[in-house]
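Read the structure below first, then the notes.
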Amino acid sequence: MRTSWADSVANSASENATTNSSNTNGLKRPTRSTYVPPHLRNKQPSTDPHPPPHAAPAPSPVNDRAGFGGPATGSRWGGDSRPDFGRVGGYGGRGGNAWNGRSGGWDRGREREVNPFGEDENAVEAFGEQENSGINFDAYEDIPVETSGDNVPPPVNTFAGIDLGDALNENIRRCKYVKPTPVQRYAIPISLAGRDLMACAQTGSGKTAAFCFPIISGIMRGHGVQRPRGARTVYPLALILSPTRELSCQIHDEAKKFSYQTGVKVVVAYGGAPINQQLRELERGVDILVATPGRLVDLLERARVSLQMINYLALDEADRMLDMGFEPQIRKIVEQMDMPPPGARQTMLFSATFPKEIQRLASDFLSNYIFLAVGRVGSSTDLIVQRVEFVHESDKRSHLMDLLHAQRENGINGKQSLTLVFVETKKGADSLEHWLCINGFPATTIHGDRTQQEREQALRLFKTGKTPILVATDVAARGLDIPHVAHVVNFDLPNDIDDYVHRIGRTGRAGKTGLATAFFNENNLSMARPLADLMQEANQEVPAWLTRYASRASYGGGGRNRRSGGGRFGGRDFRRDGSLNRGTDYYGGANSSSGYGVPGGYVGGYGPGVTSAWD
DNA sequence: AAAAAAG
């Protein structure tokens with residue numbers, strides 16, 4: 001067995017190269033030469049119609065701050081109109097100049113809906129989210145699924161078996177979704193039956209589509225519903241909330257694809273961006289509103305949006321939305337504005353993790369709901385090799401440097417694979433980014449103290465590989481689909497095992513292997529047991545020293561609850577636990593949450609050899 | 001204690 005992390009990085013990298021052999025230049029070539037983003041339609045051609053020089057092979061990485069690696073490359077606030085050629089994921093469509101207010105002929109061309117699939121519907125990478133392609137569907141038979149609740153509708157096996165309507169089916173075809181994923185097989189019929197739903201499923205498992213399809217279908221069915229005509233108030237029929245701005249953008253981009261030519265209008269609203277353009281979009285009509293909580297409250301208080309016609313409410317990353325920081329805002333939106341009560345609307349909650357105490361809170365928003373948990377494929381979490389190393393606080397930087405050096409030396413064609421480094425604080429993110437840059441590793445950072453332009457710029461530079469290292473706080477931990485992340489480093493471990501699960505789920509996506517390295521030290525004692533348990537459950541090699549820490553006293557309540565007794569059925573309906581384990585049970589199975597081990601895992605069973613990083 | 005989310 002290999003013991004060096006350098007080998008494992010090399011192995012992981014080369015496997016990625018093999019897995020992706022038909023697309024080895026995915027990071028550097030223009031992925032959608034034929035696609036014109038909505039905000040660029042009907043504009044004068046860019047002064048440079050060709051991809052800029054850094055589109056050439058082996059681009060030199062850049063940083064987005066003055067003084068490191070040259071000037072920023074993004075168009076930022078609407079300067080030039082260069083195509084966002086390097087975009088890989090769905091979210092990047094926001095581009096650099098989405099807020100410039102220069103709608104040009106776009107408004108006038110409003111009767112002509114922009115084709116989000118581009119002119120070439122057969123383009124392989126028409127969208128970054130290829131969650132259904134490249135999956136070994138035979139492995140689905142092995143996926144553990146648990147449902148509970150009254151009269152659970154049976155799952156379907158094909159999209160054809162679901163009456164979603166022609167237009168939606170056509171978009172499913174355009175997305176190249178050949179077969180529903182497990183969460184879709186179960187969630188869509190439940191949702192079409194009008195039932196409330198609490199669903200546990202890994203990110204990357206198609207849950208966005210799982211709640212979007214029924215919503216779009218339902219809105220189409222109910223077309224012609226009369227809505228009030230407030231002076232400047234709009235009345236969306238569906239509301240989708242998410243905990244970060246970038247995630248809302250990503251969901252919006254997905255939903256736009258699904259609703260193309262259905263007549264269903266999707267609008268996104270989030271903070272940090274000028275509100276005027278969002279207001280204009282709303283005024284042009286909205287059926288599905290995707291939003292972050294703060295901006296939505298603003299819109300509600302301005303009476304620019306009313307929730308009284310909401311038929312569908314979806315909370316993505318629902319456990320995060322209902323944790324301490326968010327809960328009051330969510331309650332305000334859902335309970336204290338004009339939204340119809342549970343039972344009069346349909347409510348769907350989705351997350352990869354669902355702690356029991358959050359389930360209890362969430363049940364306030366639900367009516368006679370069905371609980372759905374879709375587990376991972378057998379050992380597919382081996383797609384992510386998890387390593388934990390004991391690193392003293394003072395040694396972290398040099399240790400990270402060692403990792404990056406080896407990764408660089410073992411990289412493909414001298415090109416670094418993408419590395420996502422999670423830290424605890426915003427200041428820590430800035431300082432680590434600066435340190436990496438002055439030590440020859442172009443890095444950028446994303447956290448809540450940066451402006452929204454900077455955040456989007458950072459994400460774009462990272463996604464396109466121009467800046468192959470991204471230092472992030474937990475703002476990037478959840479939901480973001482960033483292809484080609486080969487390595488997630490938990491430079492600072494989170495204090496909650498669920499956060500760890502979400503973080504490492506940024507890699508090992510789309511059937512590729514991923515590596516997750518965690519730095520553990522005496523500040524993380526409370527994570528020893530949950531981490532050791534999680535790794536063991538995911539068939540990872542647990543260092544003996546970690547097992548020793550884990551078996552000692554339980555270090556206070558860190559890591560919160562943990563480890564369901566159910567093994568791969570960690571996602572458990574809290575209603576089944578009755579009052580049995582309340583209070584005293586710490587590891588006893590009353591909880592829910594990350595029993596799946598690792599999000600993204602189910603794309604596995606993808607092919608032979610994926611577990612070989614440690615063979 | 002920190003992060004996120006309105007400005």
Side-chain angles (χ1 to χ4, degrees), chain A residues 91 99 239-252 268-279 282 289-305 315-334 336-337 351 353 355 358 393 420-433 445-456 458-459 470-480 490-503 506 521-527 555-560:
Chain A
Y91 152 73
W99 302 336
L239 176 64
I240 301 171
L241 293 173
S242 95
T244 66
R245 298 163 182 174
E246 287 78 10
L247 186 52
S248 280
C249 289
Q250 184 178 296
I251 294 167
H252 170 248
V268 66
Y270 57 93
I275 200 169
N276 283 339
Q277 185 158 347
Q278 292 173 8
L279 288 173
L282 289 168
L289 177 58
V290 185
T292 49
R295 177 54 59 90
L296 177 60
V297 168
D298 190 359
L299 293 168
L300 292 168
E301 287 174 346
R302 294 175 188 223
R304 298 300 296 262
V305 170
L315 267 53
D316 201 6
E317 307 296 342
D319 58 331
R320 166 64 84 226
M321 304 299 285
L322 294 172
D323 80 5
M324 285 203 327
F326 271 121
E327 197 216 349
Q329 260 180 317
I330 301 302
R331 277 198 191 277
K332 175 169 186 170
I333 292 167
V334 177
Q336 290 156 33
M337 306 303 289
S351 182
T353 54
I358 302 283
E393 211 61 42
L420 181 50
V421 183
F422 282 104
V423 297
E424 186 72 13
T425 66
K426 295 178 277 196
K427 288 182 83 157
D430 278 336
S431 124
L432 181 59
E433 178 223 19
T445 182
I446 184 167
H447 60 69
D449 274 355
R450 303 199 80 189
T451 67
Q452 191 57 25
Q453 314 96 285
E454 288 172 328
R455 285 166 58 157
E456 299 190 8
L459 200 50
L470 179 64
V471 182
T473 61
D474 270 330
V475 69
R478 284 174 174 259
L480 294 187
N490 273 291
F491 188 90
D492 301 318
L493 269 169
N495 293 314
D496 186 314
I497 193 67
D498 285 344
D499 292 332
Y500 174 85
V501 168
H502 285 274
R503 285 179 177 187
R506 297 313 102 210
N521 63 33
E522 59 281 353
N523 296 326
N524 311 115
L525 297 181
S526 68
M527 285 291 287
Y555 301 117
R560 216 176 45 232

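Residue numbers start from 1 in every chain, and the chains themselves are labelled A, B, ... in the order their sequence lines are given, proteins ahead of strands. Being a predicted model, the structure only gives us computed values, none of them experimental.
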From the options dA1(B), dA4(B), dA3(B), select the nucleotide whose nearest atom is closest to the side chain of Thr425(A).
-> dA3(B)

Nearest-nucleotide pick for Pro293(A), side chain only, options being dA1(B), dA5(B), dA4(B) | dA5(B)

Hey, does Gly448(A) reach any base, or is it just sugar-phosphate, or nothing, if we go heavy atoms under 4.0 Å?
-> sugar-phosphate

Closest to the side chain of Arg455(A), out of dA3(B), dA1(B), dA5(B), is dA5(B)

CG of Asp499(A) versus P of dA1(B): gap in Å, rounded?
-> 18 Å

Length of the line joining Leu247(A):CG and dA5(B):C1', which is rounded to integer Å | 13 Å

Please determine, for the side chain of Arg245(A), which listed nucleotide (dA3(B), dA2(B), dA5(B)) has the closest atom?
-> dA5(B)

Roughly how many Å is it from CG in Asn523(A) to P in dA2(B), rounded to a whole number?
-> 14 Å

Ile333(A) atom CD1 is separated from dA5(B) atom C1', nearest whole Å, by 10 Å

Taken to the nearest whole Å, NE2/His502(A) to P/dA2(B) is 22 Å

Salt-bridge contact Asp496(A)-Arg503(A) (side-chain N to carboxylate O under 4.0 Å) | no

For Asp474(A) and His447(A), test the side chains for any donor-to-acceptor distance below 3.5 angstrom and give the result as yes or no.
-> no

Whole-Å distance, Asp474(A) CG to dA1(B) C1', equals 13 Å

Per Lys426(A) side chain, nearest of listed nucleotides dA1(B), dA3(B), dA5(B) | dA3(B)

Taking atom P of dA4(B) as reference, at what distance in whole Å does atom CG of Leu480(A) sit?
-> 12 Å

Consider only side-chain N and O atoms of Glu246(A) and Gln250(A), and report whether a donor and an acceptor are under 3.5 Å apart.
-> no

Looking at residues at least two apart in the chain, or sitting in another chain, which of them share a ring-ring contact (aromatic ring centres under 6.0 Å, His included) with Phe326(A)?
-> none

Calculate the interatomic distance between Glu246(A) atom CD and dA4(B) atom P; express it in whole Å.
-> 10 Å

Tell me which nucleotide among dA2(B), dA5(B), dA3(B) gets nearest to the side chain of Thr473(A).
-> dA3(B)

Supply the atom-to-atom distance Leu420(A) CG to Arg506(A) CZ, rounded to the nearest 0.5 angstrom.
-> 8.5 Å

